[in-house]
Amino acid sequence: MSEIKQVIVVRKDLQLPKGKLAVQVAHAAVSAMLVAERMRREWVEAWLSTGQKKVVLKVNDLRELMEIYEKARKAGLPVALISDAGLTVLPPGTITCVGIGPAPAELIDRITGHLKLL
C-alpha cells in the first residue's frame, strides 16, 4: 500500500491563538480518523502502523475551506468538518478546519497539494 497520511486544513483568517488552534487541529484529526475507520479500516490500520503522518495546511478563509471539504467529500475520502462550540474565543458554530484521512497520500494531494503549510 502507498503512503497513508492525514491532512488538517485550517482557516488563516480566524487568527486563532496557539492553544485554540491546537485544540481545533486535534478535533479534526480524531474526527476524521473516526470517519475513516467506518469507511476504510485498512487505511486506518496502515496509518496507525506507520507513524500516523499528519500535515497541517492553511487556507485564507471559509470559502476556500469549504471548497476543500467538498472536493474531499466528492472524492470519497474520509473527511470531517470542524465547528467550534463557542465556549471561548469564537462564536458558536464557527467552522475552523477540515480533517482529511487517513487515506493514500496521492488521493489527498490531488485536493490539497497546492496548499501551503501552516
Side-chain angles (χ1 to χ4, degrees):
M1 186 178 290
S2 62
E3 178 190 30
I4 302 290
K5 71 177 180 180
Q6 185 178 62
V7 169
I8 312 302
V9 183
V10 179
R11 286 176 57 186
K12 205 169 58 168
D13 63 318
L14 295 176
Q15 299 179 346
L16 298 173
K18 288 179 185 173
K20 184 66 166 179
L21 176 65
V23 168
Q24 296 301 302
V25 168
H27 285 325
V30 171
S31 296
M33 192 273 304
L34 292 172
V35 172
E37 193 150 68
R38 290 192 303 273
M39 292 177 68
R40 296 294 294 262
R41 177 86 181 125
E42 68 274 18
W43 289 352
V44 174
E45 289 173 2
W47 181 70
L48 290 171
S49 68
T50 57
Q52 303 173 33
K53 181 177 182 178
K54 294 170 208 65
V55 179
V56 182
L57 305 172
K58 61 185 174 183
V59 291
N60 289 319
D61 54 29
L62 178 60
R63 181 190 59 76
E64 287 183 29
L65 188 73
M66 293 308 294
E67 285 175 7
I68 296 294
Y69 171 75
E70 286 300 327
K71 287 178 182 176
R73 192 182 61 74
K74 287 178 182 168
L77 292 171
V79 62
L81 187 65
I82 304 304
S83 59
D84 192 64
L87 301 176
T88 55
V89 299
L90 297 171
T94 301
I95 295 171
T96 58
C97 56
V98 168
I100 306 170
E106 65 270 12
L107 298 180
I108 296 177
D109 290 346
R110 289 179 192 163
I111 295 161
T112 64
H114 66 287
L115 299 176
K116 293 190 182 324
L117 292 170
L118 179 67

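Sequential numbering from 1 along the given sequence is applied to the chain's residues.
- In this structure, the separation between CE on Met66 and CZ on Arg11 is 10.0 Å, given to the nearest 0.5 Å.
- Note on Leu21 and Leu81: separate hydrophobic clusters, where clusters join Ile, Leu, Val, Met, Phe, Trp and Tyr whose side-chain heavy atoms are under 4.5 Å apart, directly or indirectly.
- Val23 is not connected to Leu34 by any chain of hydrophobic side-chain contacts under 4.5 Å among Ile, Leu, Val, Met, Phe, Trp and Tyr, and they are in different clusters.
- Nearest heavy atoms, Ile4 versus Trp43: CG2-O, 3.6 Å.
- Rounding to the nearest 0.5 angstrom, the gap separating the CG atom in Leu48 from the CZ atom in Arg41 is 7.0 Å.
- Sequence neighbours left out, the pairs with a member in residues 70-80 that pass salt bridge (charged side-chain N to carboxylate O under 4.0 Å, His left out) are Glu70-Arg73.
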Output a table of donor-acceptor pairs, distance under 3.5 Å, between side-chain atoms of residues 92-106 and any protein atom two or more places apart or on a different chain; print 'none' if there are none.
{"residue": "Thr94", "atom": "OG1", "partner": "Pro91", "partner atom": "O", "Å": "2.7"}
{"residue": "Thr96", "atom": "OG1", "partner": "Gln24", "partner atom": "OE1", "Å": "2.7"}
{"residue": "Thr96", "atom": "OG1", "partner": "Ile82", "partner atom": "O", "Å": "3.4"}
{"residue": "Glu106", "atom": "OE1", "partner": "Ser2", "partner atom": "OG", "Å": "3.2"}
{"residue": "Glu106", "atom": "OE2", "partner": "Ser2", "partner atom": "OG", "Å": "3.2"}

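- Rounding to the nearest 0.5 Å gives a distance of 10.0 Å between CZ of Arg63 and CD1 of Ile68.
- Taking both residues in full, the closest heavy atoms of Leu65 and Val9 are given as CD1-O, 3.4 Å, listed atom of the first, atom of the second, then distance.
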List, one per line, each side-chain donor-acceptor pair under 3.5 Å for residues 111-118, sequence neighbours excluded.
{"residue": "Thr112", "atom": "OG1", "partner": "Ile108", "partner atom": "O", "Å": "3.2"}

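- Here the CG-CG distance, from Leu14 to Leu62, works out to 8.5 Å after rounding to the nearest 0.5 Å.
- Between Gly76 and Met39, the shortest heavy-atom contact is O-CE, 3.1 Å.
- The shortest non-hydrogen separation linking Leu16 to Lys20 is CD2-CG, 4.0 Å.
- Val79 and Val25 fall into different hydrophobic clusters, where Ile, Leu, Val, Met, Phe, Trp and Tyr are joined by side-chain heavy atoms under 4.5 Å apart, directly or via other members.
- Lys54 places a side-chain N or O within donor-acceptor distance of the main-chain N or O of Gln52, the cut-off being under 3.5 Å.
- The minimum heavy-atom distance linking Lys58 with Lys12 is given by the pair CD-CD, 3.6 Å.
- Trp47 contributes atom CH2, which lies 10.0 Å from atom CD of Glu37 (distance to the nearest 0.5 angstrom).
- Under a hydrophobic-cluster definition in which Ile, Leu, Val, Met, Phe, Trp and Tyr are linked whenever side-chain heavy atoms come within less than 4.5 Å, directly or via other members, Val55 and Val10 are assigned to different clusters.
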